[in-house]
Protein chains: 2
Amino acid sequence: MESAAQLFHEQGVHRTSLAEVAERAEVPLGNIYYYFKTKEELLGAVLERRITEVRETLDSFEQKRTPQARLKALPQQWNAMSELVVRYGCPLGGLSFELGKCPGNLEGKPEALFGPVIDWAEAQFRQLGRRDARDLAFSLLARIQGAALLAQSFRDPGILAREGRQIDRWIDGLR
Amino acid sequence: MESAAQLFHEQGVHRTSLAEVAERAEVPLGNIYYYFKTKEELLGAVLERRITEVRETLDSFEQKRTPQARLKALPQQWNAMSELVVRYGCPLGGLSFELGKCPGNLEGKPEALFGPVIDWAEAQFRQLGRRDARDLAFSLLARIQGAALLAQSFRDPGILAREGRQIDRWIDGLR
DNA sequence: GTCTATAAGATGATAGAC
DNA sequence: GTCTATCATCTTATAGAC
């Protein structure tokens, strides 16, 4: 699963063959099928893993004292992995994008990836007294995801850093 | 090329076989290879098409009188095709994302897609007297691309519409 | 230029020995 | 549970008739 998660991020789900996953995991190809009946099932497992990661990250922000500090921690999270983002794009955004296209049993999953982030950010903005908290939550995540895509396109982590600073200023200026 | 552009957008480049392109274009498979030596060459042609489209769209904004009006026309452009965006994501963002991952001769092309948009937006912000015009240009495009991804993920064109309105307010509040 | 047939290789998936 | 061998299918690309 770790190998699959990495390769799906690096190359995309469809460009990644199970042979490659097996090779990186240093197991024979046939072995994979003992644990996952199909490639789609492996993808589903990787997805669940990512969703859990997201929840854990959001939970870790709760130790920050103010809503502003918690909100600023979100773009900071992408900044911390800007090298990966520049090379392969955002792991969440990439999965979401691919799943949004291909039909199948994982149809509703992109929502499961971003939904928790939106709900969490909405709660923070609401603590700031904003009635348009949900709109602001979408704005915040949109800016991060967009900045990640541009950083990848231009191969420039500075884009992510600068957009992070713009977001900081925006959050400080709210109320 | 039209069929390829459509299918690359709908399914992604790698999930699309040349047989599918041929079928939609109602030509035999072998015929494609008379015009394009490889699939990558066809992709390159589709890319050039997209780049031309972008330039034409930006040119069409020049008839608007104020920089504010021109800038607001940009998110409006995505809003106008929100149905397509919700189903298959942003055509530019999708191409950029896929190209950013797979190595090859089309390495530098994502920049060729978004670069003109950034330069154009930077010029508009500069006409508004902003010294941080380039940062604002990245912010604007990031918000649009991010909103497109979220609209696709949540299957909700309203996300694109609401983020458009937020951007309008932001642009009006500048200076 | 257009079309059919097919080669060459990759890929998802399975069978069955150990 | 693990591993090898292999099937069936799909995909890029080419050869060659028309």
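Keep in mind that this is a model prediction, so the values were computed, not measured. A, B, ... follow the sequence lines: proteins, then strands. Residue 1 opens every chain.
A salt bridge links R126(A) to E122(A): at least one charged side-chain nitrogen sits closer than 4.0 Å to a carboxylate oxygen. Here R162(B) pairs with D156(B) in a salt bridge; the nearest charged N to carboxylate O distance falls below 4.0 Å. Here K101(B) does not pair with E10(A) in a salt bridge; the nearest charged N to carboxylate O distance is not below 4.0 Å. Taking a cutoff of 4.0 Å between a charged side-chain nitrogen and a carboxylate oxygen, K72(B) and D172(B) qualify as a salt bridge.
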Can you check nucleotides 7-12 of chain D for protein contacts, nitrogen or oxygen pairs under 3.5 Å, and list what you find?
unit_1: dT12(D); atom_1: OP1; unit_2: K39(B); atom_2: NZ; d: 2.9
unit_1: dT12(D); atom_1: OP2; unit_2: L18(B); atom_2: N; d: 2.9

Where do N or O atoms of nucleotides 15-18 of chain D meet protein N or O atoms at under 3.5 Å, pair by pair?
none

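The number of heavy atoms from other shown groups lying within 6.0 Å of CD (E107(A)) is above 12.
In this structure, Y88(A) shares a hydrophobic cluster with L84(A), the cluster being traced through Ile, Leu, Val, Met, Phe, Trp and Tyr side chains under 4.5 angstrom apart.
Checking dT2(C), dT2(D), dC3(C) against every side-chain atom of N31(A), the shortest atom distance belongs to dT2(D).
Under the 4.5 Å side-chain criterion, counting only non-hydrogen atoms from C-beta, T57(A) is not in contact with L74(A).
Put simply, Y34(A) has a side-chain N or O that comes within less than 4.0 Å of OP1 or OP2 on dG1(D). Close to dG1(C), at under 4.0 Å from its OP1 or OP2, lies no side-chain N or O of Y35(B).
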For side-chain hydrogen bond (donor to acceptor under 3.5 Å, both in side chains), just list the numbers for S153(A) and E111(B), CA-CA rounded to whole Å, side-chain angles, deciding distance to a tenth of an Å, and then say yes or no. CA-CA 6 Å; S153(A) 298; E111(B) 211 169 324; over 6 Å; no
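In this structure, I32(A) atom CD1 and dA15(C) atom P are separated by 18 Å, rounded to whole Å.
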